[in-house]
Every structure is written in C-alpha cells, then in structure tokens.
There are 2 protein chains.
Amino acid sequence: METFLPKFDSVFSIDCVIFGLDEGELKILLIERNEEPFKNWWALPGYIVEQDESIDNAAERILYELTGLRGIYMDQFYTFGDVNRHPQGRVITVAYYAMLRLSGNKELKPVSNYASKAVWISVKDIPKLAFDHEKIFIRGFEKIRNKISYQPIAFELLPEKFTLTQLQNLYEVILNKKLDKRNFRKKMLNYGILKELNEKQKGVSYRAAKLYKFDKRKYAKLFQKELTFGK
Amino acid sequence: METFLPKFDSVFSIDCVIFGLDEGELKILLIERNEEPFKNWWALPGYIVEQDESIDNAAERILYELTGLRGIYMDQFYTFGDVNRHPQGRVITVAYYAMLRLSGNKELKPVSNYASKAVWISVKDIPKLAFDHEKIFIRGFEKIRNKISYQPIAFELLPEKFTLTQLQNLYEVILNKKLDKRNFRKKMLNYGILKELNEKQKGVSYRAAKLYKFDKRKYAKLFQKELTFGK
DNA sequence: AATATAGTGTGTATTTTTTACACTAAGTAA
DNA sequence: TTACTTAGTGTAAAAAATACACACTATATT
C-alpha cells in the first residue's frame, strides 16, 4: 500500500522503571550504558522500539535484552516527548513500570551489549542518570506511591510468603511514613485478600511471625475506591 | 552532530479526547476527516507531531488546527502503539484529554483542511470512528470517570457560575449513576471549594437555584485522598 | 535454668465519615 | 388562587478511621 505518511527522522523508545524490594530496601533496576551518548553512565533500562512490534512487546523485549529479566509484566505510565531529551535527535520515550519480588535473587545479565551491566540500586541512592531518566524515575516512583494509596498492590514486591511486618515495612518505605501496627493489620486483614498460612518465619532469633499469602482471586473483587455520595 | 540513531519509517501522532458539557449532555469533539485513509469518517482530532515540537505543544497545535480551539490545556493519558493501528505504516499515538465548558458556544472551525468539519457529539451517540479511535475514546472516558472519583474536578465542564443541581447532574452523567441530593450537597459543600454567590439562576420557570463558583485557591489545598492506616 | 532481648500479636473507646431517608419552601405559569 | 416544578434542608444509624500500650513468645546468652 502506498503510504501518505511523512517520514521523520524520529525514534521511539521505551524506558523501564522496575522496582524491587531487597530485605526491606526498595530498589530500582539500572544499567550501565555501553554506548554513546552517555557511555558508562547509569540509566534506566531502555531502548528503541522496532518497527514491527507493539510497544508493550517492545518493553518486554528491551527489558530482557538489557537485564536478562524475562516475561515481566509492565504498565505504561507516561510518555516523555520533549524535543531535546536526547542529544542526538528526536526520541520520544514511553515509560513503563513494574514491581517485582526479588526473592530467589534473579540474576541480572544483559543479553545485548548495549548495557555493560545491570544492577539493583536503592531508591535512596540513585546516581546521576543519563538523559532525562531522573525525571522519569521520579515520575515512576510517584506513580507507585499513588497507586499503592488506592489499591493494596504492594504484594508484588514481596516474596510469595511474607509476614505482616514485612508488608507494613514495605508500605512505610513507599509512602515514606510510619504506620500504626494495629491499625495497619486491622485494615489489611479486613480487605480479605490475605491468606493466613500454617507456617512461621524461620531463622529469626526472636519470636517467629506468621506467614501470609496474597489471595489474587479475592483481590480481583476488591479494587478501586470511588468518590461516593451515598445511595 | 552525527547521529547514531536508526531512522525508522515511523511516525508519532497525537489524538485528543475533548469533553464538553452542553445543557447537561456530555459530548466529545470529533472531526470529519478530509484525507485518506478513512476519508469522510469521523475521528478524534489528531495529527502528526512535528520533529521540533514537544508532544504537549503538538497536542495544543493540532487541536487548534483541526477545531479552531485555542490554548486548551490537555493532559496525556495513554499511548497507543499497536503495530497495525494505522493502515499505512507504523504510527504510535499519544492520547490527550481535556474537559471544557461549552458556555459561550465556542465556534468550531478547522484551520487545516485535514478536517472538513469539527462538531460536538454526545458520548451516547458516538458514530463509528476511524483507526482505533473508539478504543482511545473509551479509555479517555474511563480516565475522567476515574479521575472525578478521586478529585472533584468536574467544574471544568460547567460554566463559571453553576447550580448544585447542575454539578450533581454532571457527576451523574460521568459516573453513570443516581446520587442522593442531600448527601451530594453535604459532601461538595464540605470540600470547601465552592463559593456561594449572591446570585440566582435566571430564565427558569420554577424556583431559581443559587449560583456557585469554583474556588481554585481552596481546591489546590485539597487534592488527593490516600489510603490511610492511622497515625 | 534463669534471664535478657527483640519482635509478635492483640482490643477498645472515640471521632469522623458515610449512608439512608422525606418533607417544606420558593418561584412560575395558568 | 392554585397547581406545578425544582430548590433546599436535618438527623439518626452504621461503618470506618483513629489513638493508644502492654503481654506474649521464641531464641540467644549466661
């Protein structure tokens, strides 16, 4: 088919803000760039979208190529399109985020040599980043903070079995404030999306806490709280 | 500067979902296309982003060119990037939305002849649309429904001075459900973002209602409700 | 065996928010 | 004057959110 579309020298990319929780510390995934521009700088995992792949697929592929992480489901959260965000031309980037459990220490091994390495870095300790990636990161962090405030989604970051204290710590890290233990438990248990297990924490030198699991089926029924006016 | 960027035959565009309220009826802005593909079809106002303009600026420009509406502030809400969403090539589109008051009957007059006309059409009566614009519209509608559920933003759609009944009707239209009058008023007035005027509705053949204004300053202080756990 | 330690686990009273619900008041039109 | 139509209002009950403190229990230490 003949195309009427103008051909611009412009490029799409994807950038990923991937959150993970490591022993109570919230981290994100960064790569060290192995190409100009910003060679040897830290950056969000991101690359160019191919012409024949959807942006969702591109996101998954790119994350895999740069970090070795496979099949991670991500959500789009914002598209950054300032004219000069890339020094070499017009690049519009669609930013995705995901929250991952780091249990099992997923190995990070870039497949593409566009990245020389990929590492988890604490959100409290983010170095200078290439391009406008700091802006993208901040926006992504706001996104999950906002999301967690409406929907109890923080489970994605925890190991499959977790204690209520771990869950509370996670909330405290993301929301950046202290919460009351009794109220937190009351509310969480009230959601009815936790399943108490007949198991306890192991290897701690104090009273072991009960372990819980996240109940996805029940979660699906909950969801989004609305502005209400009665009746 | 030498560029290392690959040159793809790919294009960005912007599409706009513009809501307006016309005598209690929620409408969106559509254009009739004057170019292939989908010539003579209805579509969301949308066009291609130039290489030297930010996507936010592009959105504003494009909306102006296709509808004559000027200086409308829009927010991005999603980027659509399926491979085959455009029959003639790879086009990724960033969707924007806005909510407008239709008081004063802003005239719609396409400047570019890419659109043969622009009209307001009731959301209950949307025709078949070009490309994947129906999907974009639905997503935009969800976006404002969701937004209005967290933040009392519906004022943007009303004339400067409005009655509480008008405001309630608007909420009912967007949320698609009946609300209780007393509870609605109690809650709205409680937000403290309405300013009661010393004026009444005119030209109605029944008891005239008080008029209110939206108080932007106080609104800025309110904002977003969070998941709480006490203390 | 006793003790120190560190985190677990629990209840209640108060306040605030949400909900359900129905009639009178005011203005217009005939 | 009356009929009509929408505006405007309050309260009681239920549910949710908040503030707040101590005893329990498993382990490690002596």
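Because only heavy atoms are used, hydrogens play no part in the values below, and waters and symmetry mates are left out as well, while side chains stay in. Chain identifiers are assigned alphabetically (A, B, ...) following the order of the sequence lines, protein sequences preceding nucleic acid strands; residue numbering begins at 1 within each chain.
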Annotated protein contacts, base or backbone, on nucleotides 7-15 of chain C with a non-hydrogen cut-off under 4.0 Å, one of B, S, - each: BBBBBB---
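- The ring pair (Phe, Tyr, Trp, His ring centres under 6.0 Å) check on B/Phe162 picks up B/Phe155, with sequence neighbours excluded.
- In this structure, B/Asn190 places its CG atom 14 Å from P of C/dT19, rounding to the nearest Å.
- The nearest whole Å value for the distance from the CZ atom in A/Phe184 to the C1' atom in D/dA19 is 18 Å.
- Under the 6.0 Å cut-off for aromatic ring centres, A/Phe80 and A/Tyr78 qualify, their centroids lying closer than that.
- Relative to the ring axis of B/Phe141, B/Arg145 places its NZ or CZ within 45° and under 6.0 Å from the centre.
- Between A/Tyr97 and the choices A/Arg139, A/Lys147, A/Gln76, the side-chain hydrogen bond (donor to acceptor under 3.5 Å, both in side chains) rule is met once, by A/Lys147.
- When each of A/Asp15, A/Asp56, A/Asp75 is paired with A/Tyr96, the side-chain hydrogen bond (donor to acceptor under 3.5 Å, both in side chains) condition holds for A/Asp56 and for no other.
- Rounded to a whole Å, the CZ atom of B/Phe162 is 16 Å from the C1' atom of D/dA7.
- Counting heavy atoms of neighbouring residues, nucleotides and ligands inside a 6.0 Å radius, atom CD of A/Glu134 does not exceed 12 of them.
- Rounded to an integer number of Å, the gap from A/Lys202 NZ to D/dT27 C1' is 16 Å.
- Side-chain N/O atoms of A/Lys187 include none lying less than 4.0 angstrom from OP1 or OP2 on D/dA16.
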